[in-house]
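Data block below; observations after.
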Amino acid sequence: MKEATESLNFIEQIIEEDLAAGFPQEKLRFRFPPEPNGYLHIGHAASICLNFGLGETYNAPVNLRFDDTNPSKEEQEYVDAIKRDVAWMGFQWANVCYASDYFQQLHDWAVTLIKAGKAYVDGQSSEQMAAQKGTPTSPGTDSPHRNQSVEENLDLFARMKAGEFAPGSYVLRAKIDMASTNMHMRDPILYRIIKKSHHRTGSDWCIYPMYDWAHGESDYIEQVSHSLCTLEFKAHRELYDWYLDQIHDPSRLRPKQREFARRNLSYTVMSKRKLLELVQNKYVSGWDDPRMPTISGLRRRGYTPESIRKFSELSGISKRDNVTDVSLLEFCIREDLNKTATRVMAVLDPVKLVLTNYPKAQVEMLDAENNPEDPNSGTHQVPFSRELYIEREDFLESAGKNFFRLTLGAEVRLKSAYIIKAESVVKDAEGNILEIHATCDMDSKSGSGTEASTRKVKGTLHWVSIAHAIKAEVREYDRLFSDEAPDAHEDKNFLEFLNPNSLKVNKEAYLEPFLAHATTADKYQFQRLGYFVLDSDATADRLIFNKTVGLKDSWAKQQAPAAKPTAPAPKPQPNQGKKSALSEVQQISKKLTNLSGDKLEAARQDIIRYAAEISYEEIEPLFGTAAKKVGTRIGVMLVLGVLLKNGQERNAAVEAFIEAGKSDSDEMLKAEAEAIA
RNA sequence: UGGUCUAUGGUGUAACUGGCAACACGUCUGAUUUUGGUUCAGAAGAGUCUAGGUUCGAGCCCUAGUAGACCAACCA
């Protein structure tokens, strides 16, 4: 059983209840059932972590099952990618299964349904059947084929299977209830004719089972105890159970379906259809484009399995619609990489720095810590010389005292090297800085232990030696969409929110030579800049790095809080347009009793100001506010006071409300009531 | 107009049988720091959608509203 200390999500609670009610733990079995028609994304990670996590918790088998019942959309490429992603996440499946493994069994069960008079072959057009289906608010009507003889149905179904009919000409339908309030129970289709090659069964079949018929029965065949899916399948549950009723052997385990909310991430889309559209129309370079919310995209971007699992754990499982902020994902990857990434130096926007007193021909190999968070991580060597690159934005000729970087006449430390002082600049005709000339305190070498080396200076800069630096391409990413929920606008296509600046390619970045032999498995922190990983496009003579995520940057935040180009400013709060004065008052009033002193007085004045816009008709219903909601009653009292002052007549309701206030136990309410009595 | 589900700080989740609304992210302070990172210390932010009811006591139970999501593919 699960430890009782941590709180359980509602799925885990259900399992604990089942166990407590006598369900044997060794019969627990789960599955992750993707359709191989696209790549896995961060939303799937929630389901993967849920199912495989449950498997780990209860030591239960978890199958990876491909729901491959539609050969017109499914491909082997996706099967391979899905396996790769699940394995990369660090999970082990008990078996790889396919719904197509069960095609024969499914067919045979369908025949028994026909024989039992529970299914029939319908030869109408899809339009006719759709018309008969009715709408959610009005019942459907029976198909004219609904009461065909069992013999005729058997014959027709056999001929469907034999390939005698054209696609679309016949379907096999369950005979349930055309008047059900659940649309899925209005004689749903079990089989349709598709003459396409299937990625596993080739041309063995030309009839394919529908999702509902295949899924629950697959669960049953695999003896899955808890079949977990997303909320949109809630309405399918009745049909899932109906199908199971038809074939269930009481001596065997009967699966149960449960539904949880799918996980959404802000500033991206999470539907395979839309992601496919981005890929096919070349808005991104592929399913694994580092801007994609796919598992493969995140992997290429530099995310780790641990960070994604942590994200799923922190996000939780529930039944309500959600949009998790990407900042949580970014927190998870920073937390992981901070502990594990090797620290190196790279200059992305170089400006030349000349140390005028440093010997011209001299090169020193300095020791640089690999990771200050990990005492066992060791050091690596970095070459230092007279001419260096530093970051252009790390220098200003003069600046305020908040600027902790290099300015003329001031000292900073070069990370792992020396303390320097800027003396002069060389500019071109337009005034652009070409070189910064500085002097180096030769006694201040890092790690030397001298007094000079431990001196406090204003800041520390990263750098590379020009003669030794290797040039590389660095790709920096911003969110793919400029809107928090790009596909949540019914009047706008999600593509309208594509961020045109989501990819920034820098072909002239300079790296310390230690990076020459980086692999895609290595994770680096470019000090003071962020976390970076070698891209899969890189070759031996062409280094390309992806920025996984930047470091938290309180300096940038302080600099330009309002001027983030792609961050759309105030987010429109759902159903919160212009608030009425009344609701403002209600809002403020609620916390009135928590306030005191100036804050209380300010809140009172706010209410009195809003009161001018409120009519008696609006406020009267609030006289009935529950006694315990003292704050609201005080607010109402204040508004009433303003109305009375402006000539509102004192009717019975007003008097009663004031009287009730005067005799209340709350002092503040009593005082306000007496003030206007 | 029908059915089903959901509603807790800005965001995501907790709160056991009804008992002081908690945690994380984010935000803001301060300290430390050879990364304006990390770490450490702290703060602000909710009367649990609304109105009733039951109860000594309600985020939780009941009633009625409101808002949002899902449901009419030969998709899954």
Side-chain angles (χ1 to χ4, degrees), chain A residues 4 6-9 13 33-35 37 67 69-70 72-74 126 129-130 133-140 167-168 170-171 180-184 186 189 191-194 208 210-212 214-215 229 231-238 259 261 263 266 272-273 314-325 327-332 334-335 338-339 343 345 369 372-373 402-405 413-417 419 446-447 453-454 456-457 459-462 525 527-530 551-558 571 573-575 590-591 593-594 621 624-626 628-632:
Chain A
E6 63 196 88
S7 68
L8 306 180
N9 64 49
Q13 283 177 19
E35 183 192 10
N37 68 339
D67 243 327
T69 57
N70 186 355
S72 51
K73 289 164 73 175
E74 296 150 7
S126 57
M129 286 192 286
K133 196 143 192 176
T135 70
T137 54
S138 61
Y170 287 93
V171 291
S180 172
T181 52
N182 182 344
M183 297 297 288
H184 295 99
R186 320 244 264 225
I189 293 171
Y191 274 96
R192 76 287 213 194
I193 299 168
I194 300 176
Y208 289 90
M210 295 288 286
Y211 164 83
D212 290 290
H215 198 97
C229 60
L231 239 34
E232 67 270 26
F233 292 99
K234 174 71 213 220
H236 294 241
R237 186 146 126 193
E238 192 179 359
E259 310 83 10
R263 173 90 16 220
S266 63
K272 278 195 270 185
R273 204 213 84 222
L314 293 181
S315 298
I317 295 289
S318 71
K319 296 180 78 164
R320 43 184 144 141
D321 293 343
N322 59 77
V323 183
T324 303
D325 202 289
S327 66
L328 184 64
L329 220 208
E330 292 177 346
F331 163 79
C332 292
R334 283 193 189 107
E335 185 192 44
N338 176 50
K339 287 184 297 203
R343 270 56 171 181
M345 291 193 283
E369 264 184 316
E373 305 296 314
N402 290 339
F403 189 75
F404 301 166
R405 307 177 184 189
R413 186 189 309 277
L414 294 178
K415 179 80 186 174
S416 306
I419 292 173
S446 292
S453 72
T454 54
K456 291 264 179 279
V457 289
T460 301
L461 306 186
H462 60 275
Q525 184 195 94
Q527 290 197 94
R528 304 211 300 134
L529 297 174
L551 258 26
K552 278 216 298 197
D553 192 346
S554 52
W555 169 241
K557 217 184 311 186
Q558 189 188 131
K571 17 184 147 169
Q573 292 295 325
N575 86 65
K590 280 180 182 177
K591 21 184 177 172
T593 53
N594 297 343
T625 298
K628 67 171 181 176
K629 298 193 174 173
V630 177
T632 302

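The sequence lines fix the lettering, A, B, ..., with proteins before strands; numbering per chain opens at 1.
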- Query: When rounded to the nearest Å, what value does the distance between C1' atoms of B:U33 and B:U11 take?
  - Reply: 31 Å
- Message: Below the 4.0 Å mark, does B:G12 have OP1 or OP2 next to a side-chain nitrogen or oxygen of A:Ser318?
- Response: no
- Message: Let's test your reading of the model: under 3.5 Å, does the base of B:U35 pair with the side chain of A:Gln525 as donor and acceptor?
- Response: yes
- Query: Any N or O donor-acceptor pair linking the side chain of A:Arg413 to the base of B:U35 at under 3.5 Å?
  - Reply: no
- Item | For RNA chain B, stems built from three or more consecutive Watson-Crick or G-U wobble pairs below 3.5 Å | B:2-7 with B:66-71, B:10-13 with B:22-25, B:27-31 with B:39-43, B:49-53 with B:61-65
- Task: Please state the C1' separation for the pair B:G59 and B:A73 - nearest whole angstrom.
- Result: 40 Å
- N/O (side chain, A:Arg343) to phosphate O (OP1/OP2, B:U34) under 4.0 Å: no
- Task: Please determine if a side-chain N or O atom of A:Lys557 lies less than 4.0 Å away from the OP1 or OP2 oxygen of B:C28.
- Result: yes
- Query: Which of the following nucleotides, B:U6, B:C74, B:A72, is nearest to the side chain of A:Thr135?
  - Reply: B:A72
- Query: B:G12 base to A:Arg263 side chain: any donor-acceptor pair below 3.5 Å?
  - Reply: no
- Message: With a cut-off of less than 4.0 Å, is there a side-chain N or O of A:Arg192 near OP1 or OP2 of B:C75?
- Response: yes
- State whether A:Lys552 places a side-chain N or O below 4.0 Å from either non-bridging phosphate oxygen (OP1 or OP2) of B:G36. no
- Applying ring pair (Phe, Tyr, Trp, His ring centres under 6.0 Å), name anything that partners A:Tyr170, two or more places apart in sequence or on another chain. A:Phe165
- Message: Distance criterion of 3.5 Å, no angle test: do you see the side chain of A:Glu330 paired donor-to-acceptor with the base of B:G26?
- Response: no
- Item | A:Ser554 vs B:G37: side-chain N/O to OP1/OP2 distance below 4.0 Å | yes
- Message: What's the gap between B:C61 and B:U17 when it is taken at their P atoms, as a whole Å value?
- Response: 11 Å
- Which nucleotide in the set B:A72, B:U33, B:U35 lies at the smallest distance from any side-chain heavy atom of A:Lys456? B:U33
- Query: Would you say a side-chain N or O of A:Arg405 is under 4.0 Å from OP1 or OP2 of B:U35?
  - Reply: no
- Which is true for A:Leu328 with a 4.0 Å heavy-atom rule: it touches a base, it touches only sugar-phosphate, or it touches nothing? sugar-phosphate
- Annotated protein contacts, base or backbone, on nucleotides 15-22 of chain B with a non-hydrogen cut-off under 4.0 Å, one of B, S, - each: S-------
